[in-house]
**Student:** 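Have a look at this one before I ask anything.
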Amino acid sequence: MFAVIKTGGKQYKVAPGDILEIEKLEVSAGDTLNFDEVLSFGNDDAVEIGAPLLQKSAVHATVINQIRGDKIIVFKKNRRHNYRRRNGHRQDLTLIKIEDFTIAGKKIAAPVKAEKIKTKKADTAPQATVDAAATEE
């Protein structure tokens, strides 16, 4: 199950449980966000595409944190003119986690994935002993 949303002038393909870095939004950590600009929605059976948006649809997310992106170096140079400029830039980002979808007014939760259960098995198999005389041959 996935949806394509639009925020910050960009489009993102999201699924429940995804963690995204998007353009900074003026919200604090722990707040809930609703992205109303849903462009398409798809699951195993079919894909719905809006024209341009799906009506009565939203993607619900929780804000994890406000962060800053990696530093990008901006370097300008003109040959033979002794012109060089070096600047750095770090973009402000909002870290969000996608919770669930509302499509055509119906809330769609993430499908529950079967978790692998790990059990500890005691080593009951007898350990093979190596004969010292057999290894020297």
**Student:** Could you report the tightest heavy-atom contact between K24 and T94, atom names first, then the distance?
**Tutor:**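 Here K24 and T94 meet closest at CA-OG1, 3.3 Å.
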**Student:** Quick one: do I103 and V47 end up in the same hydrophobic cluster if we chain Ile, Leu, Val, Met, Phe, Trp and Tyr together by side-chain heavy atoms under 4.5 Å apart?
**Tutor:**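 No, it is not one cluster - the side chains of I103 and V47 are not joined through contacts under 4.5 Å.
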**Student:** Just verifying a value: how many Å separate E99 CD and K107 NZ, rounded to the nearest 0.5 Å?
**Tutor:**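 Answer for the CD-NZ pair, E99 versus K107, is 9.5 Å.
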**Student:** Evaluate whether atom CG of N82 has more than 12 neighbouring non-hydrogen atoms of other residues, nucleotides or ligands under 6.0 angstrom away.
**Tutor:**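 No - once you tally the heavy atoms of other residues, nucleotides and ligands closer than 6.0 Å, there are 12 at most.
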**Student:** Which atom pair, heavy atoms only, marks the closest approach of A104 to S57?
**Tutor:** N-OG, 3.4 Å
**Student:** At what distance, to the nearest 0.5 angstrom, does CD of E37 lie from CG of L54?
**Tutor:** 12.0 Å
**Student:** For residues 7-19, dump all side-chain donor-acceptor pairs below 3.5 Å to protein atoms at least two apart in sequence or in another chain.
**Tutor:**
unit_1: K10; atom_1: NZ; unit_2: E23; atom_2: OE2; d: 2.6
unit_1: D18; atom_1: OD2; unit_2: A15; atom_2: N; d: 2.8

**Student:** Counting neighbours of CZ on R68 that are heavy atoms of other residues, nucleotides or ligands and sit closer than 6.0 Å, is the number greater than 12?
**Tutor:** yes
**Student:** Take L33 and V27 through the test side chain to side chain contact (heavy atoms under 4.5 Å, CB included) and record every step on the way to the result.
**Tutor:** CA-CA 9 Å; L33 291 175; V27 291; 3.8 Å; yes
**Student:** Set out, in order, the CA-CA distance, both residues' side-chain angles and the distance that settles side chain to side chain contact (heavy atoms under 4.5 Å, CB included) for Y83 and K76, then state yes or no.
**Tutor:** CA-CA 8 Å; Y83 174 80; K76 299 178 183 180; 4.1 Å; yes
**Student:** In this structure, would L93 and L25 fall into the same cluster of hydrophobic residues linked by side-chain contacts under 4.5 Å?
**Tutor:**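 They do not share one cluster, since no chain of ILVMFWY contacts under 4.5 Å joins L93 to L25.
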**Student:** Treat each ILVMFWY residue as a node, draw an edge where side-chain heavy atoms are under 4.5 Å apart, and state whether V59 and I108 are in one component.
**Tutor:** yes
**Student:** Would you say D100 and T102 make side-chain contact, with heavy atoms under 4.5 Å?
**Tutor:** no
**Student:** Any chance CG of N34 has more than 12 other-residue heavy atoms, nucleotides or ligands included, within less than 6.0 Å?
**Tutor:** yes
**Student:** For the residue pair L95 and V63, establish whether any side-chain heavy-atom pair is separated by less than 4.5 Å.
**Tutor:** no
**Student:** Would the distance check show the side chain of R90 and the main-chain N or O of G69 forming a donor-acceptor pair, the cut-off being under 3.5 Å?
**Tutor:**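 Looks like yes, one N/O pair under 3.5 Å.
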**Student:** Begin with the C-alpha distance, continue with both residues' side-chain angles, and end with the deciding distance and a verdict on side chain to side chain contact (heavy atoms under 4.5 Å, CB included) for V74 and R86.
**Tutor:** CA-CA 6 Å; V74 179; R86 182 178 182 270; over 6 Å; no
**Student:** Between atom CD of E21 and atom CG of D70, what is the distance when rounded to the nearest 0.5 Å?
**Tutor:** 8.0 Å
**Student:** What is the minimum heavy-atom distance between P52 and L39, and which atoms define it?
**Tutor:**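 Heavy atoms only, the tightest pair is O-CD2, 3.4 Å.
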**Student:** Check whether any side-chain heavy atom of F101 sits under 4.5 Å from a side-chain heavy atom of F41, and report yes or no.
**Tutor:** yes
**Student:** Hydrophobic clustering (ILVMFWY, side-chain heavy atoms < 4.5 Å, transitive) - are I64 and I67 grouped together?
**Tutor:**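 The answer is yes; both residues are in one hydrophobic cluster.
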**Student:** Side chains of T32 and H60: any donor to acceptor distance under 3.5 Å?
**Tutor:**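 Looking only at side-chain atoms, T32 and H60 do not form any donor-acceptor pair under 3.5 Å.
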**Student:** State which residues pass salt bridge (charged side-chain N to carboxylate O under 4.0 Å, His left out) with R84; sequence neighbours excluded, sorted by chain then number.
**Tutor:** none
**Student:** Could you state whether I22 and V38 fall into the same hydrophobic cluster, counting links through intermediate Ile, Leu, Val, Met, Phe, Trp or Tyr residues with side-chain heavy atoms under 4.5 angstrom apart?
**Tutor:**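 Yes, because I22 and V38 connect within a single hydrophobic cluster, where side-chain heavy atoms sit under 4.5 Å apart.
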